[in-house]
Every structure is written in structure tokens, then in C-alpha cells.
Novice: 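My questions all concern the structure below.
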Amino acid sequence: MLNKILLTFVFLLTVSAQTVQASEDISLDLVDDFIAINLNFTGSEIVLFGGVADQGDIITVIRGPSEEQIVRRKRKVSGLWISRDRVIFDDVPSLYWIASSSPLRKILPYTGLQKHKIGPKYLSFPIRSSKTSESRITFKNALIRQKQKIGLYSKTPSKVKFMGRHLFKSSVKVPANIKPGPYSIDVYLVRDQKIASHRVIHFKIGKIGTSKTVYSFAHDHRVFYGLFAVMFSVFFGLASTRLFRKG
Amino acid sequence: MQVYLPIAEVSVDLFTLLALGGGVGFISGLFGIGGGFLSTPLLILIGVPPAVAVGSQASQLVAVSISGVIGHWRRGRVDFKMGGVMLAGGICGSFIGVWLFGILKEMGQIDLFISLSFVFLLGFIATLMMCEGLLTSFLRKSNRKKKKRRWFKYLPLKTRFKKSGIYMSMLAPFTIGCFVSILVSTLGIGGGFLMVPAMVYLLRIPPSMVGGTSLFQIMFVTGIVTFLQAFKYQTVDMVLATLMLIGGVIGVQFGVQLSTKLKGEYARLLLASIIMVVCIRLGFDLITMPEDLYFVE
């Protein structure tokens, strides 16, 4: 821990020594800092506008609320494919999306990408517990692969568009299976293969209206919700037979 | 048109859900089964998380089975006494089942247990029903009424089930209700596909009584399951359930109507084929190499 703090400190020192300008280098604004989920939610678009004083490239990294994830591996045991091994990861961002104004490899060396965890392959998650003889990295890669498949992790970075030399816009489409909670966007200004400046902006995704009512009723009043669910179904069944008898 | 399900936290097509509910309701009304063994995999297929699929379809089954019971009852085809005895057994069985579920889960092999039991039970029942169905339709009543001594002949507590026209021990339907219910609570389904053949082949209840009576029992079991799922795991999505319901209650009416026209053995053959398809599908998944060996829960 102390090592990490020291490292970050040294890093911050070198960064500020090289570039002097702090985060005022980038100014940011989100079109929506709250994305509402109601019954008609089919996904959304996260639109970020920003301005930079000096020219450079921009990388944005959107991260969703962290969660625990269990990855299992199937094995063939006497002719049947059975899930045997498993690894439980902690702090897995539910959404991880990269956008960049130029191809990542061209603007930042491998070490820089790795250091700031820019790009799914540089992600690492703490392991809570594991029951496998295989390399845990294959489990991590599988997790990322599955997340990319359902559109929650970027496969290739989205585009950050520059309008002129100083203004940029990044818009990222997110699917409906997105998790509600606090989100963050890290914005990096890259110049001469180095990160010149970094800023974070936050936004929230949350349920509203009927969607929120149902969710909080189910979680905050479990007994009543259970009884309600049964009674509602009974009523529905009775009402429907009534209806059909008349019709 | 897409609709967002607040508990499942996914967005699905409204008409797909309605059609799914309708289809399962139709089968439910036709055969007197809940249809859980069909709707759970189908919901998972359209992207609903498995736990939410199980929980929400339980509440949908309550409404569908009530609606079905009333449909059958109006035609005088529910044996309440028989259903009540089976229900008593069912409640005992569900407690044993929940306990067994806990043990298997601790051993870490609950998934395998579920898949294997499904394949074995579905396969066994479908084969049994098909053979019987084919035999009866080919050798129409050639040597019917071959009175055999059955296992419950010697049991005490004999009583007359007037509606079904059977005189037998209460312990027989009680035991069957209990046994099916153990499987139900470990497998997380309504259990009609097990109950119906058991009633037909083991208890020899007249086929006209089977549908209504089994639905009567399923109605209560699914009610208990709905409450427990909502209370323990918060996996009942009322938006999902309501949409499935709207489709379901319409489907079940058509199912009940058709069931009066369809001959018993044909209905059973049809049900057997549906069960067989599900069984083969599940078995196929167990023996073929998965596309991705790794999966995220």
C-alpha cells in the first residue's frame, strides 16, 4: 500500500514537473449527468464535451460500479461437460468503455497504457477465491471476453472527435443491461507519448418512476412484496376467468 | 417494442414476452401442467437472469393455474379431495426438498444434479408416455382392465374419492404429492410434468380429472414458491410476471377449450413429444463441448 502511494506520488511529481499545467488543461461537461432508467429504457448515449488549451490527443475511459463476478470453467468428466473450476473476482467494473481520438498504440506506449489500465487487456481484478489448477489469467480473459460479448466492455475504442483544435466530443452508446449506480469517466490528454493531463468527471445511472417503485418495493418491503406478488397473481387469474366467461 | 424489466435489469421485446406467456399458458391449459420446465429455459434464452426467471415465472404460474383450475372446475373436472391430499404431501415434500437443496449446494454440485435429474426424469417420463400412448392408440382397448394388485392396495386410511371414482388409501396420493414436491423444490419448477404421469399411471385417476386436479395442487405450491422467492432472494420481477400473465391467461383459456376436444392419449403423446424435445436439448448441452469453456455467472 505504502509502495503504491509512494509510486503515485513520484509519478504525480514527474508529471507535474514535466508539464506544469495541472488539470485546468482540460475542461469537461456531460450532456446528462443523470441517466434515467424507466420501463421504456433501451440503452442510452453518454455524451461528453470538452476543451483543451493546447493540442493533443484525448482518451476517455468510462467505468461502471464495481461488482463481484464468478467465472466457471467446464470440464469433461466421464462424457459430461460439468463446471468444475471457478474463480471469484472482486471490484470488476460493470462497464468499461474506451474512446480515443487516435489509435491507442500510436499515441501512448505500452507502459503508459498498462500503468493507467487503458484498454481491457490491461485490466486486472483482485481475486477473492479460486478453485482451479489453470492460470487465473485465462479466467480473467474469459470474463472480459464475455463482457465484450454483451456490449459492456469495448472491443475497439470508440472515436473521440475533435471539432477544430481545442474542442472535442466523445459519445458512447451503452446497452440496456447496464447496471444502475455511480459512473466515472477518466479523461486523459496525451502529448508526445505521455499523459499531459488527467481529469475525472462523474455521472449517475438510476431507476425512476415505475421501474424505481417496483425495485425499491421488492427490496425494502420483502414480506409485503411477496404477499403482493401472490395476491396480484391470484386476482389476475380470477379476473381473467371472469372476463372470459362474459366474453 | 422494448420494455425494461426493473428487477431483471434487462430490456426485452414486449411481444416476445407476451407470446412466450401465451404459448406456455396454452400448454398449461391443454395438459394441466404449469409449464415451468418450458418457460424457465425460454426466459433464460431471451436474456433474463436464471434466478429472476425462476422467481417470476412462479408468480405467473399462480395466476395461470388458478385460471386453469376454474376452467376445469366449471366442467366438473377437479377432484378437490384428491388435490387436497396431494397438496398436504406436497407441502411436506417442499420442506424436505429445500433441506436437500441446501446439502447439495454445499457439496457444490447442484447444477449437475439439476441437469442430470432433468434429463433422466424428462427422458423417462417421455419414453413411458410415448410407449403407453402408442400402445393404446394401436391396440385400442384390446386387453384393458387387467387388474393388477397395486402397491398401495395394502395401505391403511382407505377412503373414497367420489369425483375420480376411486377407492384407495390417502397415503398413496400423499406420498406422490410429497415425492414430486421434493423434486420440485430441488429443481425449481412447478412439477406438473411429473405429477400428471404419476396421477395417470400410478394412481389411475381418470384422465379427465388429471389436468384440473394437478393444477389445483400446483396453484398452491407455486404460490408458496413465489412468496419465498420474493422474500428470500428478491427475484420476482412483477413487470415480467405481469406481461407473461397477460399472455398466459389468454393462452390457458384456449388450452382448456382444446383439451376437452383432444383425446386423452393424443394429448399425452403430444405432451410426451414436447418433454422429449426439452430432454434431448438438455442432454445435448451436457455432452457436447461448449462454445466457450468459461462462463460468467
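None of these values were measured; they are calculated from a predicted model. To find a chain, count down the sequence lines: A is the first, B the second, and so on, and within it residues start at 1.
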Novice: Counting N and O atoms only, with roles assigned by atom type, does the side chain of A:Tyr225 sit under 3.5 Å from a partner on the main chain of B:Val236, one being a donor and the other an acceptor?
Specialist: yes
Novice: Could you pull out the closest heavy-atom pair between B:Ser67 and A:Gly237, with the gap in Å?
Specialist: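 Between these two residues, the closest heavy atoms are CB-O, 3.9 Å.
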Novice: Taking every heavy-atom pair that is under 4.5 Å apart, which of B:Thr226, B:Ile70, B:Asp237 has the most such pairs with chain A?
Specialist: B:Ile70
Novice: Calculate, to the nearest 0.5 Å, the distance between atoms CG and CD belonging to A:Asn177 and B:Glu9 respectively.
Specialist: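 A:Asn177 atom CG to B:Glu9 atom CD measures 10.0 Å (nearest 0.5 Å).
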Novice: Do you know which two heavy atoms are closest between B:Ile287 and A:Gly79, and how far apart they sit?
Specialist: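 Closest approach of B:Ile287 to A:Gly79: CG2-O, 3.6 Å.
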Novice: Checking heavy atoms, do the side chain of B:Gln2, its backbone, both or neither come under 4.5 Å from chain A?
Specialist: both
Novice: Supply the atom-to-atom distance B:Met238 CE to A:Phe217 CZ, rounded to the nearest 0.5 angstrom.
Specialist: 8.5 Å
Novice: Looking only at heavy atoms, which two atoms of B:Leu245 and A:Phe232 are closest? And how far apart?
Specialist: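 Shortest heavy-atom separation between B:Leu245 and A:Phe232 comes out as CD1-CE2, 3.9 Å.
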Novice: Atom CG of B:Leu286 and atom NZ of A:Lys76: how far apart are they, to the nearest 0.5 Å?
Specialist: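 The CG atom of B:Leu286 sits 11.5 Å away from the NZ atom of A:Lys76.
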Novice: Could you report the tightest heavy-atom contact between A:Ser233 and B:Ala63, atom names first, then the distance?
Specialist: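 Closest approach of A:Ser233 to B:Ala63, heavy atoms only: O-CB, 3.1 Å.
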Novice: If I take atom CG from residue A:Leu227 and atom CZ from residue B:Phe231, how far apart are they, to the nearest 0.5 angstrom?
Specialist: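 Nearest 0.5 Å value for the CG-CZ distance: 10.0 Å.
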Novice: Do B:Gln234 and A:Arg222 touch side chain to side chain, with heavy atoms closer than 4.5 Å?
Specialist: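 They are in side-chain contact.
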Novice: Using the side-chain contact (heavy atoms from CB on, under 4.5 Å) definition, which of the options A:Ile37, A:Leu39, A:Thr210 pairs with B:Pro6?
Specialist: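 Among the candidates, only A:Leu39 passes.
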Novice: What part of B:Met219 gets within 4.5 angstrom of chain A, counting heavy atoms only: side chain, backbone, both, or neither?
Specialist: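 Contact with chain A involves no heavy atom of B:Met219 at all.
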Novice: Is any side-chain heavy atom of B:Leu293 closer than 4.5 Å to one of A:Trp81?
Specialist: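 Yes. Closest side-chain heavy atoms under 4.5 Å.
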Novice: Quick one, B:Ile246 with A:Phe236, criterion side chain to side chain contact (heavy atoms under 4.5 Å, CB included). Give me CA distance, side-chain angles, the key distance, then yes/no.
Specialist: CA-CA 9 Å; B:Ile246 294 171; A:Phe236 210 107; 3.6 Å; yes
Novice: Identify which of B:Val62, B:Val296, B:Leu14 forms the greatest number of heavy-atom pairs closer than 4.5 Å to chain A.
Specialist: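 Greatest number of close heavy-atom pairs with chain A: B:Val296.
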Novice: If you count heavy-atom pairs under 4.5 Å with chain A, which of B:Thr242, B:Leu5, B:Val10 comes out on top?
Specialist: B:Thr242
Novice: Do B:Tyr4 and A:Thr42 touch side chain to side chain, with heavy atoms closer than 4.5 Å?
Specialist: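 Sidechains of A:Thr42 and B:Tyr4: no contact.
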Novice: Which atoms form the tightest heavy-atom contact between A:Val230 and B:Gly223, and what is the distance?
Specialist: CG2-O, 3.5 Å
